Amino acid sequence: MNSKKDTGVFQLENGCWGYRYRVNINDTFKESRRITDDFGKPFKTKASAIKAREQAIMNERINAAVSPQSKLIRKTVEQVYDEYKEFGRAGKAYATIKKQDSLTKIEYL
C-alpha cells in the first residue's frame with residue numbers, strides 16, 4: 001500500500017532506502033536523489049528516508065525564501081579591475097599599487 005507520505009521513497013537492492021524529490025521554486029525545478037544521509041551513512045529504514053526527504057524539501061524552500069536568485073551581472077575584466085582600483089586597494093602600499101598599475105599597461109614594441 002503506497003500512501004502519499006512515502007511518495008519518492010524507494011528501496012535499494014541491498015535493503016537500504018533512498019529518496020528523490022522535485023521542487024518548483026520560482027519557475028525553476030530543483031531535483032535531487034539521495035541514498036545516504038548528510039554523514040554518508042545509508043538510510044536503514046523507510047521512516048528515516050521519509051523524514052530525510054521531508055527535511056530536504058523544507059530546506060530547499062527555506063533557502064529559496066532566504067536568498068532569492070539575483071540576476072547575474074556581466075562585467076568585463078576592465079570593469080572589475082576599475083572597481084577594485086576604486087574600492088579594493090585603499091589600504092595597500094604605494095609599491096603594490098604601482099606594480100598593479102604597471103601590469104595593466106602593457107606596451108608592445
Side-chain angles (χ1 to χ4, degrees):
M1 184 168 150
N2 191 11
S3 69
K4 180 101 172 135
K5 190 172 185 179
D6 65 357
T7 301
V9 177
F10 54 92
Q11 189 169 20
L12 302 171
E13 292 178 4
N14 62 2
C16 294
W17 293 83
Y19 68 86
R20 63 181 158 263
Y21 65 89
R22 182 177 182 183
V23 181
N24 183 359
I25 300 171
N26 299 332
D27 297 329
T28 304
F29 287 102
K30 167 72 174 160
E31 296 183 29
S32 184
R33 180 180 180 272
R34 301 283 309 257
I35 57 172
T36 59
D37 62 7
D38 294 336
F39 303 108
K41 297 182 179 181
F43 298 111
K44 297 287 186 182
T45 63
K46 184 176 183 179
S48 65
I50 291 171
K51 188 174 180 182
R53 179 180 184 269
E54 290 171 355
Q55 185 66 40
I57 292 172
M58 188 169 38
N59 287 342
E60 287 293 335
R61 292 195 172 139
I62 289 171
N63 289 340
V66 171
S67 62
Q69 291 183 352
S70 61
K71 288 279 188 181
L72 190 64
I73 300 171
R74 300 183 72 75
K75 293 183 178 182
T76 63
V77 174
E78 182 181 12
Q79 290 170 332
V80 172
Y81 184 68
D82 289 340
E83 186 176 315
Y84 167 72
K85 285 194 306 187
E86 186 176 348
F87 302 111
R89 65 179 189 181
K92 302 284 185 187
Y94 174 75
T96 303
I97 294 172
K98 189 174 176 183
K99 186 188 300 182
Q100 289 172 348
D101 285 340
S102 71
L103 292 174
T104 60
K105 298 176 185 170
I106 298 173
E107 295 181 19
Y108 295 100
L109 298 176

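Values in this document were obtained by computation on a predicted structure and should not be read as measured data. If you read the sequence from its start, that first residue is 1, and numbering goes on from there.
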Side-chain donor/acceptor of Arg53 to backbone N/O of Thr7, under 3.5 Å: yes
Measuring from [X]:[atom1] to [Y]:[atom2], what's the distance to the nearest 0.5 Å?
{"X": "Lys30", "Y": "Ile57", "atom1": "NZ", "atom2": "CD1", "answer": "12.0 Å"}
{"X": "Gln100", "Y": "Lys92", "atom1": "CD", "atom2": "NZ", "answer": "6.5 Å"}
{"X": "Asn24", "Y": "Arg61", "atom1": "CG", "atom2": "CZ", "answer": "9.0 Å"}

Closest heavy-atom pair and its distance - Asp101, Arg89: OD1-NH2, 3.0 Å
Nearest atoms (heavy-atom pairs only) where Ser48 meets Phe43: OG-CB, 3.7 Å
Flag if over 12 foreign heavy atoms under 6.0 Å of NZ, Lys85: yes
Carboxylate-amine/guanidinium proximity below 4.0 Å for Lys51 and Asp37: no
All side chain to side chain contact (heavy atoms under 4.5 Å, CB included) counterparts of Thr36, not counting sequence neighbours: Arg34
Residue pairs fulfilling ring-ring contact (aromatic ring centres under 6.0 Å, His included) with at least one residue in residues 80-99, sequence neighbours excluded: none
Expected list for residues 9-23: side-chain donor-acceptor pairs under 3.5 angstrom, two or more places apart:
| from | atom 1 | to | atom 2 | distance (Å) |
| --- | --- | --- | --- | --- |
| Gln11 | NE2 | Gly15 | O | 3.3 |
| Asn14 | OD1 | Cys16 | N | 3.0 |
| Tyr21 | OH | Glu60 | OE2 | 3.4 |

